[in-house]
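Throughout, a chain's letter reflects where its sequence line sits, starting with A, and its residues are numbered from 1.
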Amino acid sequence: MRIGVITFPGSLDDRDAQRAVRLAGGEPVALWHGSHDLEGVDALILPGGFSYGDYLRCGAIASLSPIMTEVVDAANRGMPVLGICNGFQMLTEAHLLEGGLIRNDHGTFICRDQVLRVDNATTDWTSGFEAGQQITIPLKNGEGGFIASDETLDRLEGEGRVVFRYVDVNPNGSLRDIAGITNERGNVVGLMPHPEHAVEPGFGPDTPAAMRSGVDGLGFFTSVIRRSLVEA
Amino acid sequence: MPTIVVDVMPKAELLDPQGKAVAGALARTGRSGISAVRVGKRFELTVDGPVDDALKAQVREIAEEILSNQVIEDVVGIHYEVSNAELVESAAGEASDGFPAPAGETH
């Protein structure tokens, strides 16, 4: 499976996302924000970072990039799209996902290994998990507070579109502990924590078994690859 | 050249951590009597041509779709300003009462 990772000016985790795709058995394809060509990829990742220095609003200017026209079209046709951190912010700015991300309620940047509960294990990016499963992946953001109107929050919960919730600690003031959501079709997923930083033993979060051995993020990438093989 | 000012504020019902931090600093430095601070954004758009209805409609669209995110922010004002120099110039041309035109007029 060929998975495109789009690099925007100020993207930081594009290489890490490419590496995660490779470790999961896929073929990463580097895509450029200024192009209108998705190069025939089967899925897309919008990586973390600080596109355009977070000018205007996080992800706002990137969401107006040339390639976003094709991203929105592809997402609406059902192509799997994963937005991580700044990529999640872009997806909300592009109206592919509801809600918005605002500055952390405590006002400071936070970086920690974060426990999440997988509430929806049917999306293109979470089908390899069990519903209710707890995973630990890194979280690092300054503006990760998920907000939406009560009506939107009720709808997201009612339709099972909350994909991840923070467990033990709500690190940024996100309403109803929401860490990630999906669209109605389940092909577009956005979350603030970083699965691509927990894909290889020796470089992931600590686990009771061994330091830095956590690879809970790998399931995101193997999920989308396995589903593409089943459908092929 | 006409300047268009767009003011954007975080939605009133949302927590504004930036404003909260500023309010905290005011209290710490002994400036009492300020109970809350909210921080917003001011955009200044300079236009070349006349400010007509078509341009105003376009500015409103830009303000609501790009300069603000309606999920988390509100556009609280759009003001059309003419520079002081232009006001003085037009006042000198049309009237000759010797008084400079009011500065920073908003209309």
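Using a 4.5 Å cut-off on side-chain heavy atoms (C-beta onward), B:Val59 and B:Lys56 make no contact. No side-chain heavy atom of B:Phe43 sits under 4.5 Å from any side-chain heavy atom of B:Val75. The shortest distance between side-chain heavy atoms of A:Ile61 and A:Phe8 does not fall below 4.5 Å.
For chain A, no part of B:Lys11 is nearby; none of its heavy atoms comes within less than 4.5 Å. With a 4.5 angstrom heavy-atom cutoff, A:Ile102 touches chain B only via side-chain atoms. For B:Ile66, the parts lying near chain A are the backbone and the side chain together; criterion is any non-hydrogen pair under 4.5 Å. Within the 4.5 angstrom heavy-atom criterion, no atom of B:Glu13 approaches chain A.
Counted by atom type alone, A:Ser51 and A:Asn86 present one or more donor-acceptor pairs between their side chains at under 3.5 Å.
Your options are B:Val71, B:Asn69, B:Leu15, B:Val8, and the one with the most heavy-atom pairs under 4.5 Å with chain A is B:Asn69.
Using the six-membered ring where Trp is involved, A:Phe129 and A:Phe220 have ring planes that are perpendicular, over 60° apart on the 30 and 60° scheme.
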